[in-house]
Every structure is written in C-alpha cells, then in structure tokens.
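Lettering follows sequence order; numbering is per chain, from 1.
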There are 2 protein chains.
Amino acid sequence: MPKTKKAAPVRGPRKAGPEATRQKILDAAEILFAERGFHSVSVRDITTAAGVDVALINYHFGSKQLLFETVFMRRAELLNAERLRRLEAVVQRAKPRAPKVEEIIDAFTHPLLDRSARGGPGWKAYFALIAQVNNSTEFGGLMMTRYFDPVVHAFIAALRRAFPGCDERELYWSYHFLSGALTLTFAETGRIDNLSQGACRSNDLDSVHERLVPYVAAGFRALCSKSSATNVRRKRRVL
Amino acid sequence: MPKTKKAAPVRGPRKAGPEATRQKILDAAEILFAERGFHSVSVRDITTAAGVDVALINYHFGSKQLLFETVFMRRAELLNAERLRRLEAVVQRAKPRAPKVEEIIDAFTHPLLDRSARGGPGWKAYFALIAQVNNSTEFGGLMMTRYFDPVVHAFIAALRRAFPGCDERELYWSYHFLSGALTLTFAETGRIDNLSQGACRSNDLDSVHERLVPYVAAGFRALCSKSSATNVRRKRRVL
DNA sequence: TGGTTAATTCAACGGTCGATGAAATCTAAT
DNA sequence: ATTAGATTTCATCGACCGTTGAATTAACCA
C-alpha cells in the first residue's frame with residue numbers, strides 16, 4: 001500500500017505517476033473480472049494486460065480481493081449519485097401527487113442501461129461484473145448490499161408513495177424481480193440472440209429498456225395496487 | 001474414463017460399485033460449485049468432500065470441466081421432461097382455445113421452484129448453480145442454450161398462441177425478463193432479507209412463486225397484447 | 001545537491017492447481 | 001482357481017497461484 005503522506009502532490013508534468021498505474025490496473029481488472037469471474041483471473045493476467053509489474057497490485061491495493069472491491073466501488077459511487085438525484089427529481093416534480101411508476105423505474109434503470117450502452121467498454125464490463133456478483137451465492141448478498149442499498153431504499157420509498165397502503169412485501173418482491181431482469185440484461189450472454197435466431201440482440205440495450213419499463217411497471221401494478229383485495233383473489237388462483 | 005463394456009451388470013448386492021462413486025462425486029461437486037463457483041473449487045475439494053481418491057474425477061469424467069457439464073446435465077434432463085409434459089398438458093386442456101397466460105408461466109416455473117423448495121439440498125444447490133451460469137458471460141450463452149432450449153421454445157410457442165399476432169421480439173424479451181427474475185430467485189443470496197429487514201425471506205420460494213406468476217403475466221400482457229397499437233403509444237412515452 | 005521517501009522492478013517463496021502413469025485391488029466370467 | 005478387465009490407490013509431475021523482501025529508480029524538499 002502506498003504511503004498517503006501529503007495527498008497527491010503531482011505538480012510537475014509527470015511521466016505517468018502512481019495514479020495512472022492505479023487506473024491502468026483497475027481498468028484491466030474490470031474487464032478481466034467481467035469476462036471470466038474473480039477466481040479464474042490471476043494477478044499476473046491483470047498486470048500483464050495493464051502492462052505493469054506483478055507486485056504493483058499488492059503495493060497499490062493490498063491484495064487481489066481488495067482490488068476486486070475497489071473495482072466494484074469505483075463506479076458505484078458515480079452511479080449512486082446520479083440515481084439518487086434522478087429519483088429525488090422525479091418525486092419533487094410530481095408533488096404534491098405521487099410520481100408515475102414508469103418515471104420511478106426509469107430513474108432507477110436509465111443511468112445504468114444508458115452507460116452500459118454508450119459509456120464505453122469500461123462501463124460495459126462493469127455492468128457485466130455486477131450481473132455476476134448479483135447472482136453469486138458467495139458475493140451476492142454482501143457486496144450488492146454494501147454498495148447499492150441507499151439507492152434501492154430511495155427507489156422503494158418512491159414506489160411506496162405511488163402505491164399507498166401497499167404491503168411492504170409486495171414492494172420488495174417486485175423490486176427483486178426487477179433486479180433479476182435488469183442484471184441478466186447486463187450480462188449480455190448472447191442467449192436471447194440464439195433463442196430468437198437473431199430477432200433480438202443482447203447488446204441492443206435501448207430495445208431492452210424500452211420494454212423493461214412497461215413490463216416491470218405492469219408487474220408492480222399487478223402486485224402492489226389495492227393490495228388486500230387483489231391478493232386474496234390471487235392466492236386462490238395460483239398453484 | 002471408464003470402459004463401457006457391458007452396460008452396468010450389477011446383479012449381486014454390491015458393496016458400493018463405480019456408479020455409487022460417480023454419484024458421490026456429482027453430489028459433492030454440485031454443492032461446492034453452487035456455493036463457490038466453478039473456478040474456486042478444486043478437484044481435491046470435491047474428492048475430499050465425496051470421500052474418494054483425487055484421481056477418480058479424471059477417471060470417471062475425464063476432466064474437471066467435463067464433470068461440471070455432467071453436473072449440469074444430470075438434473076436438466078429430468079426437469080425438461082416434466083416441463084415439456086406440463087406445457088403440453090396445459091395447451092391440450094385449453095383446446096381449442098389458447099391457454100391462460102398464468103397457466104403457461106406456472107408450467108414453466110413450478111417444476112423448478114417446487115424442487116428448489118422441497119427437493120432437498122441437491123436440488124437447491126443445482127438451482128443456485130443455474131443462477132450463476134445464467135448470468136455468467138463465459139458460460140451463460142452456451143450451456144443454458146445447450147440444455148434448456150427445447151423447453152424455452154415450447155414455452156414461447158404456447159405463449160404465441162395466447163398472444164396471436166404478437167411481434168416475436170416482444171415474446172422473446174418478455175421471456176428474457178422472466179428468466180432473470182426466476183434465476184435471481186434461485187440464487188437465494190439473502191439480499192432481499194437484508195433490504196426488507198426480514199419482511200421477505202430469500203428461501204421462502206412459495207411466496208416468490210405466488211407473486212412471480214401474476215407479476216410476469218402482467219408484464220407479458222403489457223408487451224404482447226394487441227401489440228401494434230400499444231407499442232406505438234409506448235415508444236412515445238419512454239425516455 | 002544531497003537526503004528522504006514514494007514508486008517500481010526483480011527474483012523468489014511456499015503452496016496449490018489439474019492431471020497422469022504405474023501399481024494395487026476388486027469384480028466377473030471362465 | 002485363473003485370468004482379463006474394470007476400478008481404485010498412490011506418488012508425483014510441471015505449471016501456476018498470491019504474495020513479499022530486497023534492490024533499484026524516480027520525484028520532491030531543504
């Protein structure tokens with residue numbers, strides 16, 4: 001780990017500097033972790049791709065595991081800021097009424113899908129990584145909770161206003177289904193391309209978003225609208 | 001690899017036999033792969049858990065990778081048979097009318113969620129493994145396609161009858177969202193437990209199923225009903 | 001310019017990885 | 001009982017793993 005004595009002097013025109021090294025490592029790690037997962041990428045794979053010495057991962061990040069968490073955190077903070085801002089804007093703009101469900105969902109999903117589509121390969125790899133972590137038994141619960149909980153709570157709070165009197169469980173399960181649909185989209189596995197014989201393309205995220213929002217909105221309404229009466233009827237019908 | 005000379009004699013009451021060894025390895029591998037992923041489980045981890053010699057994985061399965069695929073295939077065949085049977089029954093029972101969307105979805109999801117809930121730890125681990133594979137960039141497209149395509153095509157075909165004249169892409173994307181919601185459920189990461197502060201439990205799969213069916217059915221209807229008119233309006237509204 | 005410290009390089013550590021060849025054991029049919 | 005083949009055990013292979021201490025280079029300050 002580097003000594004952090006005098007918070008980044010860097011005044012003269014450096015050749016590259018330690019910050020550039022850090023970023024090169026993070027960029028390479030991000031792509032490799034996304035492509036092949038945490039355990040099947042070696043620190044030598046990363047440093048070779050980044051064009052730096054192997055020892056620099058442990059010097060700058062402490063360990064491979066801590067590098068992984070740094071990769072995860074780097075873009076999470078940018079995302080959280082924008083998503084919270086958008087959610088807040090949607091809620092404020094609608095006052096004193098509750099916001100439209102579609103607008104809430106859009107504020108939650110658009111910052112992600114837009115960056116995955118147009119933010120460059122770093123963002124694309126980052127979201128593929130999220131897709132893996134979200135569905136992983138070993139990392140899923142902990143890391144997603146640590147870095148994304150504030151946004152999700154704000155999202156649920158906005159929906160709570162849109163569905164007054166709705167049972168909390170309906171809101172959380174509805175979010176759960178959205179989370180699954182969204183993160184599978186990030187993975188871009190190409191499966192839908194094969195299935196549809198080319199009619200759908202995994203990397204056409206605009207088409208996905210255009211459909212995800214009304215799909216999920218309809219799901220939320222089915223579970224969360226006038227909950228008591230609907231739920232009684234529903235429980236009779238299924239199974 | 002074992003020589004397959006005379007397809008399983010096994011008449012007398014054997015001590016254990018090679019088939020028992022194979023099953024012990026598969027059972028141990030299934031659980032470990034589900035818990036920690038393919039790359040972070042060593043063949044020694046598996047053989048130790050199974051109580052057999054390390055060399056037996058390569059003898060019976062050829063390699064670690066082929067063992068992984070065997071684990072994947074073993075239960076897939078059982079599942080596919082029942083799901084195809086259920087889908088066929090739903091379609092036949094409704095004739096000459098189209099089946100109800102909820103019934104089609106139930107035929108697709110119930111065999112999975114029911115086994116994950118009540119099939120024992122082997123089935124639970126298996127579905128957690130599916131959750132990882134489905135969202136993995138390296139395995140996702142290929143393995144899911146290889147083992148589950150027939151069922152998905154039958155599922156889409158049934159839905160095509162329920163939504164006559166619907167654009168194919170709407171059907172496939174709707175399936176995509178269902179796939180994401182369903183597989184995240186299998187992972188049982190505990191994230192929803194944390195988020196909801198205990199109001200929802202990841203392992204309460206009956207509650208999930210009870211909600212997944214109407215949620216997804218509403219999503220399908222939003223995208224696939226009287227598609228042309230609805231879609232024109234939808235594309236204006238979003239983004 | 002000399003001294004201090006951060007950043008980088010290099011070589012190597014002990015450990016574990018997946019896989020395999022040879023020997024030993026067991027099973028089944030003669 | 002003998003024999004042939006299937007199964008299991010054992011020891012070990014070379015390769016790669018994450019990490020680290022020591023040596024080297026570069027940047028800053030007095």
Side-chain angles (χ1 to χ4, degrees), chain A residues 1-29 32-33 35-71 138-139, chain B residues 1-29 32-33 35-71 138-139:
Chain A
M1 297 273 226
K3 292 274 187 66
T4 54
K5 187 181 158 192
K6 289 177 188 173
V10 187
R11 36 181 177 183
R14 289 249 203 146
K15 285 252 194 67
E19 187 52 32
T21 303
R22 277 180 56 95
Q23 295 301 325
K24 280 193 292 187
I25 292 173
L26 286 168
D27 291 342
L32 289 171
F33 284 148
E35 283 175 352
R36 305 181 347 224
F38 177 73
H39 294 288
S40 67
V41 175
S42 70
V43 298
R44 286 172 177 83
D45 291 336
I46 298 169
T47 53
T48 299
V52 303
D53 189 89
V54 291
L56 288 176
I57 281 184
N58 289 280
Y59 177 75
H60 282 290
F61 301 96
S63 70
K64 182 188 176 189
Q65 175 71 39
L66 288 173
L67 167 61
F68 183 68
E69 299 200 18
T70 307
V71 166
E138 67 171 328
F139 295 133
Chain B
M1 294 273 224
K3 291 276 185 67
T4 54
K5 186 183 164 191
K6 287 179 188 174
V10 186
R11 36 181 177 182
R14 289 248 203 145
K15 285 251 194 68
E19 187 53 32
T21 303
R22 276 179 57 94
Q23 295 301 325
K24 280 193 290 185
I25 292 173
L26 286 168
D27 290 342
L32 289 170
F33 284 148
E35 283 175 353
R36 307 184 340 226
F38 176 74
H39 294 286
S40 68
V41 175
S42 69
V43 298
R44 287 171 176 84
D45 290 336
I46 298 168
T47 53
T48 299
V52 303
D53 190 88
V54 277
L56 290 176
I57 281 184
N58 289 282
Y59 177 74
H60 281 290
F61 300 96
S63 70
K64 183 189 175 188
Q65 175 70 39
L66 288 173
L67 167 62
F68 184 66
E69 299 200 19
T70 306
V71 166
E138 67 171 328
F139 295 133

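In this structure, B:Gln23 places its CD atom 16 Å from C1' of D:dT7, rounding to the nearest Å. In this structure, the CG atom of B:Leu32 is 12 Å from the P atom of C:dC17, given to the nearest Å. The CD-C1' distance, from B:Gln65 to C:dA19, rounds to 15 Å in whole Å. Look at OH on A:Tyr59: it is 13 Å from P on C:dT5, rounded to the nearest Å. Taking atom NZ of residue B:Lys24 and atom C1' of nucleotide D:dT8, one finds them 11 Å apart after rounding to whole Å. Atom CG of A:Leu56 and atom P of D:dA23 are 19 Å apart (whole Å). Atom-to-atom, CD1 of A:Ile57 to C1' of D:dT20 comes out at 14 Å; the value is rounded to the nearest Å. B:Phe33 places its CZ atom 12 Å from the C1' atom of C:dG18, with the value rounded to the nearest Å.
Using a 4.5 Å heavy-atom cutoff, the side chains of B:Thr70 and B:His60 are not in contact. In this structure, B:Val54 and B:Ile46 have side chains that are not in contact, with every pair of non-hydrogen atoms separated by 4.5 Å or more. For the pair A:Gln23 and A:Leu26, the minimum side-chain heavy-atom distance is below 4.5 Å.
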Nucleotides 14-18 of chain D: which of its N/O atoms have a protein N/O under 3.5 Å away?
residue : atom : partner : partner atom : Å
D:dC17  : OP1  : A:Ser42 : OG           : 3.0
D:dG18  : OP1  : A:Lys64 : NZ           : 2.9
D:dG18  : OP2  : A:Val43 : N            : 2.9
D:dG18  : N7   : A:Arg44 : NH1          : 2.6
D:dG18  : O6   : A:Arg44 : NH2          : 2.8

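Remark: A:Thr21 is in phosphate contact with C:dT8, judged by side-chain N or O atoms under 4.0 Å from OP1 or OP2. For the OP1/OP2 pair of C:dT8 and a distance below 4.0 Å, the side-chain nitrogens and oxygens of A:His60 include at least one atom meeting the criterion.
With A:Phe61 as reference, A:Leu67 is the one residue of A:Val71, A:Leu56, A:Val43, A:Leu67 to meet the side-chain contact (heavy atoms from CB on, under 4.5 Å) rule.
If you take NE2 on B:His39 and OG on A:Ser42, they are separated by 12.0 Å, rounding to the nearest 0.5 Å. Rounded to the nearest 0.5 Å, atoms CZ (B:Arg22) and CG (B:Asp27) are 11.5 Å apart.
The side chain of A:Pro18 approaches C:dA7 more closely than any other nucleotide in the set C:dT9, D:dT8, C:dA7. The side chain of B:Val54 lies closest to D:dA11, out of D:dT9, D:dA11, C:dT8. Taking the side chain of B:Asp53 as heavy atoms from C-beta on, and the options D:dT9, D:dT8, C:dA19, the nearest nucleotide is D:dT9.
Under the 3.5 Å distance criterion, the side-chain polar atoms of B:Lys64 are matched with a main-chain donor or acceptor of B:Phe38.
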